[in-house]
Amino acid sequence: MTAGNTNAVTARKFNIDTVEHAAQTPETELPWAELGLKENEFEEIVKLLGRRPTAAELAMYSVMWSEHCSYKSSKVHLRQFGEKLTDEMKKDMMVGIGENAGVTDLGDGWAVTFKVESHNHPSFVEPYQGAATGIGGIVRDIISMGARPVAVMDPLRFGAIDHPDTARLVHGIVSGIGGYGNSLGLPNIGGEVVFDSVYQANPLVNALAVGVLRHEDLRLANASGVGNKVVLFGARTGGDGIGGASVLASESFDDSKPSKRPAVQVGDPFAEKVLIECCLELFKHSLVEGIQDLGAAGISCATSELASNGDGGMQVELTDVLLRDPTLTPGEILMSESQERMMAVVTPENVAAFEKVMDKWDVEYSWLGEVTDTGRLVITWDGETIVDVDPRTVAHEGPVYHRPFHRPEWLDGVQADTFRASEAGKGLPATGEELKAAVLELMASPNMCDKSWVTRQYDHYVGGNTALASPDDAGVVRVDEETGMGVGLSTDANGRYAYLDPYTGAQLALAESYRNVATSGAVPMAVTDCLNFGSPEDPEVMWQFAEAVRGLADACQVLGIPVTGGNVSLYNQTGTTPIHPTPVVGVLGRFDDVARRTPSGWQRNADGQAIYLLGT
Amino acid sequence: MSETPLIADLRGPEPAPLSGAKIGVVTFPGTLDDRDAARAVRLAGATPVPLWHADDSPTALGDVDAVVLPGGFSYGDYLRAGAIARFAPLMGRIVDAANSDAKLPVLGICNGFQVLTESHLLPGSMIKNDHLKFICRDQVLRVENASTAWTNQYEVGQEITIVLKNQDGQYVADEKTLDELEGEGRVAFRYVGWNPNGSRRNIAGITNAAGNVVGLMPHPEHAVEPGFGPLSTDSGEYSTDGLGFFTSVLTTLVAGGTK
Amino acid sequence: MPRIVVDVMPKPEILDPQGKAIVGALPRLGFTAFSGVRQGKRFELTVEGPVTEEILEQARNAAATMLSNPVIEDVVNVEVLPEDGAEVRADADAAEVD
Amino acid sequence: MPRIVVDVMPKPEILDPQGKAIVGALPRLGFTAFSGVRQGKRFELTVEGPVTEEILEQARNAAATMLSNPVIEDVVNVEVLPEDGAEVRADADAAEVD
Ligand SMILES: Nc1ncnc2c1ncn2[C@@H]1O[C@H](COP(=O)(O)OP(=O)(O)O)[C@@H](O)[C@H]1O
């Protein structure tokens, strides 16, 4: 609850690498390689700044120019989602790719925002917390659009069901998703559970969240209005996500004993639930001008994106950040990925009202600085300038790679290995008994069997607006209680198809999701995707990626619905063996009245109804 | 061509409004089902009044005629379910009003039930489900006491389907307390069929001796609107069995107190 | 900074589902020496400055009223932790290198 | 029967939402002496017969591999509980009568 400089004492513990100092000491060795930057990238930073970066600037650029934050390998392909938009596709799109999540107009002044994201690697290391914080992250994206989150979904992929490590992952991940989502009061309305040994040491934990808002509540991540205040609120900043040992140890005054940094992050769903309610109250009273969630790259990302999207600059005093761990160095504070935090821009007139909302919900906050007209992002540590950059170079003008790609030679072999007409009928069940056995075997296979052992661990009733959830093909939630208007969602993917042919595989995923939404009775309107692939530095993986994106963009054009947002997850591989390319596609559709939703399968008391098979 | 036929008639019967009655719905930090409880109150024909946990003014309860403590994870349930919420300033007022001569009707649902046991308004406690997992399912209950403020619209022995969803739902108390509850007819609901969390003697809900304070783990507020709740096991139709809790309390209020 | 430890255990007569699950799983991992397991909670309360009898009394009160629920739990221990926790942690380190 | 106690705490650098919620609530009840709270777990393992060094070793192993999650938790204590737990419980009784 306290604002102000509570950490001032610690400010003196570091050898502060100021901008001035950096200009005077061009020869200083910097750990850019350990921070994941390539030599050309480091040289580019030096060129942009006209001097070597300070330790804090290096920290910012390294996290923001990472594959995860900058999309440097995927950008050139993802552009197609924008380039292939037709007027028909743009009709209801209020916000497209580029913001925290896309927004689609539902009519009657309502809009809906949704997005799917990955938390694959953290979930392998610590399944419960990795999956839990995956839900937390995607839900904050939805809040930051000005929306109330209304449901979540969780497409999951695990290794072989009988592998010794699979139980650890399945049970940890499922209870993590439930533990976090259930505590937020968000119904889980669908997802997937797939077992395939290609995901053995690289499970896929994708999480989708959907939220609804009135048009006037739409918020974007930008900082405008000179003199407006910048505030950080929610959880305190700890050493989360910085990595086991700090490579910025040079910053530390006493570098003989670097203090420990968490190996994994622990989620606090209670803090996030309070954060949701608190943000909704801020939106209701129009108390924030711009807002941004803190995910990967934390304060680096929030400050540079807010400033870069705004029309001026920003000035921030870093010693005002409330810390969970007082030993953090400035660079570490900038890189920290601590969960359950948000940053907002507030006009001076609204400061008191903002603080009142924080106090009501017992949420900690601290005022960090303000919007300026300099066009620069300036960050100080106890008054001394440690960052002075053009925010666009951090947030939006990072490196872009045209990675080489080529069709894998092995693909012909895999594709040739098809079902042969000459073998048709061989081994097919001939008798009733055999048929029964075959059906039972299919029904019992882990990928086909009933998923209620997973879904009953998820609350699908909370909110009282769930019209369909598991075991139906699409989840349906009511948006407007007056009219019954609502949305239907489905997520689908098939890594095996995409492995055989990524272009068609991605299209099949979209088509399946589209069908699931359409058969529930909704009119499909928008697409979100989570593209899970191996290393982009492998030209064959890069080809799979390029093909999948091209396939998806082409199919969206045919179906007339836009991709409004999504996420790319690369480097999903074990050693040099990539997972199957796995584009997970989510489709959202609109219902005039969810009373008209159609459940999958026939209902009880359906005696005498006719069954038709449609399509080819 | 005519309109697509409705698969199910999702519209509920229009309940007779008794809109004069005000029913408070408490929100603690981490409460999840407050909006659902308010909707149930409205569908039953009364007016929901939001109450804030931190309100410590003498008039904090306003002029509400009854109070619902809804479900959720107050304070994350991190210490024990309901353990921290129990100390909210508003809880002091509610405990006093429930114990006063006026016998304010109080219903605790799930986390609300846990808050009531932590406040010692109801005996016993809840521990982790015997299978250690969160569970969400359509649950059949048998009404064992139909004379409390919240159950008088049911019949003894009636089976109702509402929603069960919890992680710490196993009701425990020592044998003496359990015998007392049984002897005094204070077991209000029992699980039918499978016991979903290992609760002693299949107890799903209990009442205080006066019948104005009732707590249960399952969620009646999720079974009030056709199309958005559980399916009843025998008919396969949507169950609105939960509405009876809210119409019961209105009947109690009309009658001028607990039966 | 000094810390006070509060240990809370489920009452012996109350079923402990977590303890039960653990005792069932231990033999599968080759730990056969244990016939029963109960899982309780350990709280460490940090105190700024010396732990006076008054503060210890506050800890006992907090333990009895909030940190435990007397219907199902017993407070089995309230004590000041040796300043750097050294002697206690020695054991733990031994356990960790295994 | 003899019991071995295993104490497990969240690692100091890891966020402890439980402790955080408790430390926020304590002052509202007038317990103002505590600046921080961490919540961990206490396990009591029952042994049939005398606790040999071998059994203690098994307990340490179980603590490190199963009773704690080494990614986020530390085993801070593994020790044999005094036979009837008497001296430890004395304190607790004091706490309960308050
Ligand atoms: N991880 C999950 N989370 C939530 N719901 C899930 C999950 N996995 C499967 N489901 C739900 O279970 C039902 C059956 O899933 P699935 O067997 O994959 O269906 P289908 O084979 O028809 O696609 C669907 O309603 C789906 O949304």
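A note on names: the letters A, B, ... follow the listed sequences, proteins ahead of strands, and every chain is numbered from 1.
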Undergrad: Return the minimal non-hydrogen interatomic distance between Val462(A) and His222(B), and the atom names on each side.
TA: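 Shortest heavy-atom separation between Val462(A) and His222(B) comes out as CA-CE1, 3.8 Å.
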Undergrad: If I compare all heavy atoms of Asp459(A) with all of Phe134(B), which pair ends up nearest, and what's the gap?
TA: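 The pair with the smallest heavy-atom distance is N-CE2, 3.8 Å.
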Undergrad: For chain B, which candidate among Gly521(A), Pro269(A), Gly178(A), Ala271(A) shows the most heavy-atom pairs at distances under 4.5 Å?
TA: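 The candidate making the most pairs under 4.5 Å is Pro269(A).
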Undergrad: Salt-bridged, Arg35(B) to Glu481(A), with N to O below 4.0 Å?
TA: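 No, this pair does not count.
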Undergrad: Quick one: do Tyr78(B) and Asp268(A) satisfy side-chain hydrogen bond (donor to acceptor under 3.5 Å, both in side chains)? Show the steps, please.
TA: CA-CA 10 Å; Tyr78(B) 290 148; Asp268(A) 182 351; 2.6 Å; yes
Undergrad: Less than 6.0 angstrom separating the ring centers of Phe270(A) and Phe73(B), yes or no?
TA: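 So the answer is no for these two rings.
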Undergrad: Out of curiosity, Leu32(B) CG to Leu186(A) CG, how far, rounded to the nearest 0.5 Å?
TA: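 Result: 8.5 Å between the selected atoms.
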Undergrad: Can you tell me which portion of Leu184(A) sits under 4.5 Å from chain B's heavy atoms? Options are side chain, backbone, both or neither.
TA: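 Answer is backbone: N, CA, C or O of Leu184(A) sit under 4.5 Å from chain B.
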Undergrad: When rounded to the nearest 0.5 angstrom, what distance separates NE2 in His131(B) from CD in Gln457(A)?
TA: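 With rounding to 0.5 Å, NE2 (His131(B)) is 9.0 Å from CD (Gln457(A)).
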Undergrad: Give the intermediate values and the outcome of side chain to side chain contact (heavy atoms under 4.5 Å, CB included) for residues Phe228(B) and Arg478(A).
TA: CA-CA 9 Å; Phe228(B) 300 93; Arg478(A) 175 172 60 182; 3.3 Å; yes
Undergrad: Of the listed residues (Glu272(A), Arg456(A), Lys273(A)), which shares the most heavy-atom pairs with chain B below a 4.5 Å separation?
TA: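 Heavy-atom pair counts peak at Arg456(A).
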Undergrad: Between atom SG of Cys136(B) and atom CG of Asn188(A), what is the distance when rounded to the nearest 0.5 Å?
TA: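 Rounded to the nearest 0.5 Å, the SG-CG separation comes to 9.5 Å.
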Undergrad: If you count heavy-atom pairs under 4.5 Å with chain A, which of Pro230(B), Ala54(B), Ser74(B) comes out on top?
TA: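 With the most close heavy-atom pairs to chain A, the winner is Pro230(B).
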Undergrad: Taking side chain as everything from C-beta outward and backbone as N, CA, C, O, which of these in Val274(A) sits under 4.5 Å from a heavy atom of chain B? Side chain, backbone, both or neither.
TA: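 When you check distances to chain B, only side chain atoms of Val274(A) fall under 4.5 Å.
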Undergrad: If you count the non-hydrogen atoms of other residues, nucleotides and ligands that lie under 6.0 Å from NZ in Lys356(A), is the total more than 12?
TA: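 Not buried by this count: 12 neighbours or fewer within 6.0 Å.
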Undergrad: Taking side chain as everything from C-beta outward and backbone as N, CA, C, O, which of these in Ser183(A) sits under 4.5 Å from a heavy atom of chain B? Side chain, backbone, both or neither.
TA: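 When you check distances to chain B, atoms from both the backbone and side chain of Ser183(A) fall under 4.5 Å.
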Undergrad: Who wins among Ile276(A), Val174(A), Asn465(A) for the most heavy-atom pairs under 4.5 Å with chain B?
TA: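 Answer, by heavy-atom pair count under 4.5 Å with chain B: Asn465(A).
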Undergrad: For the candidates His171(A), Lys360(A), His460(A), which exhibits the highest count of non-hydrogen atom pairs separated by less than 4.5 Å from chain B?
TA: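 Heavy-atom pairs under 4.5 Å are most numerous for Lys360(A).
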Undergrad: With Tyr461(A), which of Asp33(B), Leu164(B), Asp138(B) fulfils side chain to side chain contact (heavy atoms under 4.5 Å, CB included)?
TA: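 So the option named by the test is Asp138(B).
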